2 protein chains.
Amino acid sequence: MSPQAQQNERVELERHGVRATRQRIAVLRALAAEPNDATAQEIYAWLAQRGEAIGLATVYRTLALLNSNGVVDALAHRPGELCYRLCGEGHHHHLVCGECHRVVELDDCDLDEWLKRLAVEHKFAISAHTVEVTGICADCR
Amino acid sequence: MSPQAQQNERVELERHGVRATRQRIAVLRALAAEPNDATAQEIYAWLAQRGEAIGLATVYRTLALLNSNGVVDALAHRPGELCYRLCGEGHHHHLVCGECHRVVELDDCDLDEWLKRLAVEHKFAISAHTVEVTGICADCR
DNA sequence: ATAATTGCAAAGCGTTTGCACCCTG
DNA sequence: CAGGGTGCAAACGCTTTGCAATTAT
């Protein structure tokens with residue numbers, strides 16, 4: 001990878017007040033290369049295969065850090081493991097293909113009105129909501 | 001527990017083509033006693049505390065079985081563990097209090113129109129969707 | 001310089017499984 | 001009585017952690 005390309009990841013990390021290390025830049029690159037979501041183990045394997053010297057624990061620590069800084073999304077489609085993916089700005093949900101695991105990022109969320117109604121009806125202060133839509137994409141049919 | 005009370009659980013199990021054993025009846029009773037959701041471990045502890053002789057593995061096996069037979073819902077609010085709860089009939093979503101983990105079952109789902117639009121727009125055959133709304137309930141505020 | 005980050009290996013966690021025994025139907 | 005169900009303990013897979021060595025600012 002060119003020093004030029006690394007520059008993007010470095011800036012992204014520093015923008016979030018995170019120290020730019022070789023390993024963190026590598027994880028960010030792996031995420032950028034993956035159009036869908038990936039588990040920590042998959043990212044580790046991807047990097048190892050390309051000769052990146054990085055420990056599995058570091059991958060986990062980095063993903064947790066990036067997630068808490070809002071750089072990556074953590075999806076829990078299956079119990080017992082988390083999937084991560086670079087997230088766009090703002091609030092959004094995902095449409096996942098059950099066959100090939102392709103993920104489409106949805107940018108519109110029509111739920112606000114419904115949520116407001118729920119808040120009143122059940123006397124909840126609603127802080128968050130997740131939506132995950134599953135189906136089969138055109139290519140898998 | 002009275003033999004009378006056991007009868008309800010027995011019928012419920014047999015209705016789903018599941019053999020009624022002492023342990024399965026006990027798990028069903030534990031679920032019925034829990035207004036919110038519970039993990040396998042919590043159900044095991046609840047039963048053990050009441051002197052029910054049951055193995056942890058059996059609790060896991062029973063919950064998996066009941067889930068695949070549509071008797072219980074499995075929610076994954078937290079990574080690495082599943083929560084189970086008796087589910088009402090039909091399609092519904094949950095409103096969960098992040099503080100006390102109280103769960104409110106929502107019976108209206110206004111998403112159908114939105115989903116239809118997504119299906120067309122992204123050429124997906126949509127098979128399922130999950131929604132989970134998190135907030136703080138009135139009692140915890 | 002020095003405080004943060006890393007790697008390794010060990011521990012932790014919830015969950016699953018193999019197998020001999022037991023019970024339901 | 002036959003086949004499914006159970007208990008135990010060991011195995012599992014993913015994730016986290018302790019600690020000494022390394023690295024970024």
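Since we're looking at a predicted model, the values are computed, not measured. In what follows, chains are A, B, ... by sequence order, proteins preceding strands, each numbered from 1.
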Practice item. Would you check if the side chain of B:R22 reaches a backbone N or O of B:A53 as a donor-acceptor pair within less than 3.5 Å? Key: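 Yes, B:R22 side chain to B:A53 backbone: donor-acceptor pair under 3.5 Å.
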Check your understanding: So, does B:N69 use its side chain to make a donor-acceptor pair with the main chain of B:H16 at under 3.5 Å?
Key ->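 Here the side-chain-to-backbone pair exists.
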What is the distance, to the nearest angstrom, from the [atom1] atom on [X] to the [atom2] atom on [N]?
{"X": "B:Y44", "N": "D:dA9", "atom1": "OH", "atom2": "C1'", "result": "12 Å"}
{"X": "B:Y84", "N": "C:dG14", "atom1": "OH", "atom2": "P", "result": "14 Å"}
{"X": "A:Q41", "N": "D:dC12", "atom1": "CD", "atom2": "P", "result": "16 Å"}
{"X": "A:L13", "N": "C:dA4", "atom1": "CG", "atom2": "P", "result": "17 Å"}
{"X": "A:I54", "N": "C:dC8", "atom1": "CD1", "atom2": "P", "result": "11 Å"}
{"X": "A:L82", "N": "C:dG14", "atom1": "CG", "atom2": "P", "result": "15 Å"}
{"X": "B:L66", "N": "D:dG5", "atom1": "CG", "atom2": "P", "result": "12 Å"}
{"X": "B:E81", "N": "C:dG12", "atom1": "CD", "atom2": "C1'", "result": "13 Å"}

For [N], does either OP1 or OP2 sit under 4.0 Å from a side-chain N or O belonging to [X]?
{"X": "B:Q23", "N": "C:dC23", "answer": "no"}
{"X": "B:R24", "N": "D:dG5", "answer": "yes"}
{"X": "B:Y60", "N": "C:dT16", "answer": "no"}

Check your understanding: Does B:L75 share a hydrophobic cluster with B:L95, counting links as ILVMFWY side-chain heavy atoms below 4.5 Å and allowing steps through other members?
Key ->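 No, B:L75 does not connect to B:L95 through the hydrophobic network.
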Practice item. Please test B:Q41 against B:Y60 for side chain to side chain donor-acceptor pair (under 3.5 Å), starting from the C-alpha separation and ending with a verdict. Key: CA-CA 8 Å; B:Q41 311 262 359; B:Y60 276 101; 2.9 Å; yes
Point to revise | Test log, rule side chain to side chain donor-acceptor pair (under 3.5 Å), inputs B:Y84 and B:E34 | key: CA-CA 10 Å; B:Y84 294 92; B:E34 171 58 63; over 6 Å; no
Check your understanding: Bend angle of the helix from C:dA1-D:dT25 to C:dG25-D:dC1 from five-pair axes at both ends, rounded to 10°?
Key ->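 Roughly 40° between the end axes, to the nearest 10°.
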Check your understanding: Would you say the side chain of B:L63 lies within less than 4.5 Å of the side chain of B:L65, judging by non-hydrogen atoms?
Key ->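 The answer is no, as the side chains (C-beta and beyond) never meet within the 4.5 Å cut-off.
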Review point. Which one, C:dT15, D:dT15, C:dG7, comes nearest to the side chain of B:L56?
Key: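 Of the candidates, C:dT15 comes closest.
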Point to revise | Heavy-atom donor-acceptor pair, B:R61 side-chain to D:dG7 base, under 3.5 Å | key: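 Counting by modelled atom types and ignoring angles, a donor-acceptor contact under 3.5 Å is found here.
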**Study point:** Plane angle bin for B:H93 and B:H129 - parallel if under 30°, tilted between 30 and 60°, otherwise perpendicular
**Key:**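 Ring orientation of B:H129 relative to B:H93: tilted.
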Check your understanding: Just checking A:A53: base, sugar-phosphate only, or nothing, at a heavy-atom cut-off of under 4.0 Å?
Key ->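 Result for A:A53 = sugar-phosphate.
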Check your understanding: Taking protein heavy atoms under 4.0 Å as touching, what does nucleotides 20-25 of chain D look like 5' to 3' if B marks base contact, S marks sugar-phosphate-only contact and - marks none?
Key -> ----BS
Point to revise | Salt-bridge contact A:D139-B:K123 (side-chain N to carboxylate O under 4.0 Å) | key: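 Salt bridge flag = no for B:K123 with A:D139.
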Point to revise | Contact summary for B:R85 and B:L31, nearest pair of heavy atoms | key: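 Between these two residues, the closest heavy atoms are CA-CD2, 4.2 Å.
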